[in-house]
Amino acid sequence: MSLQFSEESSLILHDEAFLKEHLQEIEDYYAKNITTHKISSNNIDLYAHVINEDKSKTLVIVPGRAEVLHKYKELIYNLKDANIKIVIAFVRGQGDSTRFFKDSPKCHIECFEDYTNDLELILKELHIKKFSMLSFSLGCLISLDFYLHKKDFEIEKIALLEPYIWPYFLNLNRNILKAIVYTAYHLGLAKSYTPHGSEYKYKEFELNNHSHSKFRYEYYYSYYEEHKDKALGGPSFAFVYHCMQKQEEILNKDFQFDIPIFMAVAMNDKVVDSNESIKFYLKHKSDKVTPKLIEVAYAYHDLLNERDDIRHKAMQNALDFLLKGENNERECC
């Protein structure tokens, strides 16, 4: 079965059976229709991947931490008939863009604003000023920072999927987790892996906390077994520290949303704290433009690679919101 959003857009989100049956067709479409742009500045190479370059309306996708373009093959194919230009923008350290350490796959950052400035540079180089955003995990934090500080752009809407509003770690109290990270950072462990960080290692499906779909999980993560150079390692304490500083800034900042915002929160997330995301929504429920929140029951962190019933609920609402326009309201599912 496949879900059709509207006759107007002819946008179809295919199910897992379609993915299995048409995998080569999807791979071929991806290989033939992606245009890759390399943007270089101050010894940093950034990569943006574009389809439908001739379209006037633009959707900017900001991936999550440690993601690569391979993850977006199915989504790119699903969006091939949408009347929009799609730009997948990888900031430093993500995708094929330059990593901080040349001799280590560790995910490290020394200033969170570098991410936001990278996105700004990519969009300026591609002459993109007006657009909507679809963001995942860390990409959501980057997108929120971009919305708050990059006022030269005209952002129409933002869809945030499993937003990295605050990290999840064993249900630790927010202040306790913050104290641990800040102490480690200031004690000289900034460039060290966090306790759960290491070089990339494949985790068997039965042990994973990212997806309930065995096929999508193995299709995505087996890619790293064949392309070990693409696999980003775990985060350093500096990465978590600088993200926390940005998270606290956004959580505590007195502002109101003045554009439509959509949030899909994975309720069984073991990567980001879904409760903090819901609190963030509730804080902004009376804004000039009320955000829309979807609580996706049973979902793990990787909504894009989840089983059909979970993935379709999150992605159908997000894409309808971005491409059709939906009423802003809270919905629990």
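All heavy atoms count here, side chains included; hydrogens, waters and symmetry mates do not. Because the structure is predicted, anything quoted here is derived from the model rather than measured.
Residue Y202 is found in a hydrophobic cluster whose other members, listed by chain and number, are V68, Y200, F205, Y217, Y220, Y221, Y223, Y224; membership requires side-chain heavy atoms under 4.5 Å apart, directly or through intermediates. Other cluster members for Y300: none, since no ILVMFWY side-chain heavy atom sits under 4.5 Å from it.
In this structure, D45 contributes its side chain and S40 its backbone to no donor-acceptor pair below 3.5 Å. Under a 3.5 Å cut-off, the side chain of T183 and the backbone N or O of A179 do form a donor-acceptor pair. N52 places no side-chain N or O within 3.5 Å of a backbone atom of K55 that could act as its donor or acceptor partner. Formation of a donor-acceptor pair under 3.5 Å by the Q316 side chain with backbone atoms of K313 is not found in this model. With hydrogens and angles disregarded, a donor-acceptor distance shorter than 3.5 Å links the side chain of N208 to the backbone of S211. E295 places no side-chain N or O within 3.5 Å of a backbone atom of A266 that could act as its donor or acceptor partner. In terms of modelled atom types and a separation under 3.5 Å, the side chain of D269 and the main chain of V271 share a donor-acceptor contact. When atom types are taken as modelled, the side chain of K106 and the backbone of E199 share no donor-acceptor pair closer than 3.5 angstrom.
Stacking of K20 on the aromatic ring of F215 is recorded, both the 6.0 Å distance cut-off and the 45° axial limit being met. Seen from the ring of F321, K157 counts as a face-on cation partner, given the 6.0 Å and 45° thresholds.
Ring centroids of Y298 and H212 are separated by 6.0 Å or more, keeping the two rings apart. For H22 and Y77, the ring centers sit 6.0 Å or farther from each other. Two rings, from H49 and Y72, have their centers 6.0 Å or more apart. Ring centroid separation for the pair F153 and Y147 does not come in under the 6.0 Å cut-off. Ring-centre distance between H284 and F255: below the 6.0 Å cut-off.
A salt bridge is absent between K288 and D258; no separation between the charged side-chain nitrogens and carboxylate oxygens falls under 4.0 Å. Salt bridge annotation for D309-R307: present, with a cationic side-chain nitrogen under 4.0 angstrom from a carboxylate oxygen. Ion pairing between a basic and an acidic side chain is recognised when a charged N comes within 4.0 Å of a carboxylate O; D308 and R216 show such pairing. Under a 4.0 Å N-O distance rule, the pair K253/E249 does not qualify as a salt bridge. Remark: R311 does not engage E16 in a salt bridge, criterion side-chain N to carboxylate O under 4.0 Å. A salt bridge links K246 and E113; the closest N-O separation between the charged side-chain nitrogens and carboxylate oxygens is under 4.0 Å.
Counting non-hydrogen atoms of other residues, nucleotides and ligands closer than 6.0 Å to NZ of K283 gives a total above 12. In this structure, K150 places its NZ atom where more than 12 heavy-atom neighbours from other residues, nucleotides or ligands lie under 6.0 Å away. More than 12 heavy atoms of other residues, nucleotides or ligands sit less than 6.0 Å from atom CG of D54. Heavy-atom neighbours of K201 NZ from other residues, nucleotides or ligands within 6.0 Å: at or below the threshold of 12. Within 6.0 Å of the CD atom in E154, the count of heavy atoms belonging to other residues, nucleotides or ligands does not exceed 12.
Considering K191, E110, H108 as possible partners of S236, the one that fulfils the side-chain hydrogen bond (donor to acceptor under 3.5 Å, both in side chains) test is H108. Of the candidates V62, I142, L144, V62 is the only one forming a side chain to side chain contact (heavy atoms under 4.5 Å, CB included) with S135. Exactly one residue among F100, F112, Y185 makes a ring pair (Phe, Tyr, Trp, His ring centres under 6.0 Å) with H242. That residue is Y185.
L69 places a side-chain heavy atom less than 4.5 Å from the side chain of Y30.
Nearest heavy atoms, I51 versus N33: CG2-O, 3.3 Å. In this structure, R92 and S97 approach most closely via the heavy-atom pair CA-CB, 4.0 Å.
Using the six-membered ring where Trp is involved, F257 and F280 have ring planes that are perpendicular, over 60° apart on the 30 and 60° scheme.
Between the side chains of D145 and T116, at least one donor N or O sits under 3.5 Å from an acceptor N or O.
Rounded to the nearest 0.5 Å, atoms OG1 (T36) and CG (D96) are 8.0 Å apart. Atoms OG and CD1, from S132 and I155 in turn, are 9.0 Å apart once rounded to the nearest 0.5 Å. Between the CG atom in L126 and the CD atom in E53 there is a gap of 7.5 Å [rounded to 0.5 Å].
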* Would N268 and K270 count as a side-chain hydrogen bond (donor to acceptor under 3.5 Å, both in side chains) if you check the C-alpha gap in whole Å, the side-chain angles of each, and the deciding distance to 0.1 Å? -> CA-CA 6 Å; N268 200 19; K270 298 296 186 294; 2.6 Å; yes
* Asked: Yes or no on side chain to side chain contact (heavy atoms under 4.5 Å, CB included) for K57 and K130, after CA distance, side-chain angles and deciding distance?
  -> CA-CA 8 Å; K57 292 184 69 67; K130 183 177 181 179; 5.8 Å; no
* **side chain to side chain contact (heavy atoms under 4.5 Å, CB included) evaluation trace for V265 with L293** => CA-CA 7 Å; V265 178; L293 174 70; 3.4 Å; yes
* Derivation of the side-chain hydrogen bond (donor to acceptor under 3.5 Å, both in side chains) call for N209 and H301 -> CA-CA 7 Å; N209 57 12; H301 184 65; over 6 Å; no
* To do: Evaluate the side chain to side chain contact (heavy atoms under 4.5 Å, CB included) criterion for residues I61 and F136: first the C-alpha distance (whole Å), next the side-chain angles of each, then the deciding distance (0.1 Å), finally the verdict.
  => CA-CA 8 Å; I61 297 177; F136 297 85; 4.1 Å; yes
* To do: Starting from the C-alpha separation in whole Å, work towards a yes-or-no answer on side chain to side chain contact (heavy atoms under 4.5 Å, CB included) for D273 and I165.
  => CA-CA 7 Å; D273 190 328; I165 299 295; over 6 Å; no
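Sorted by first and then second residue, the salt bridge (Lys or Arg N to Asp or Glu O under 4.0 Å) pairs involving residues 24-33 (not counting sequence neighbours) are E27-K73.
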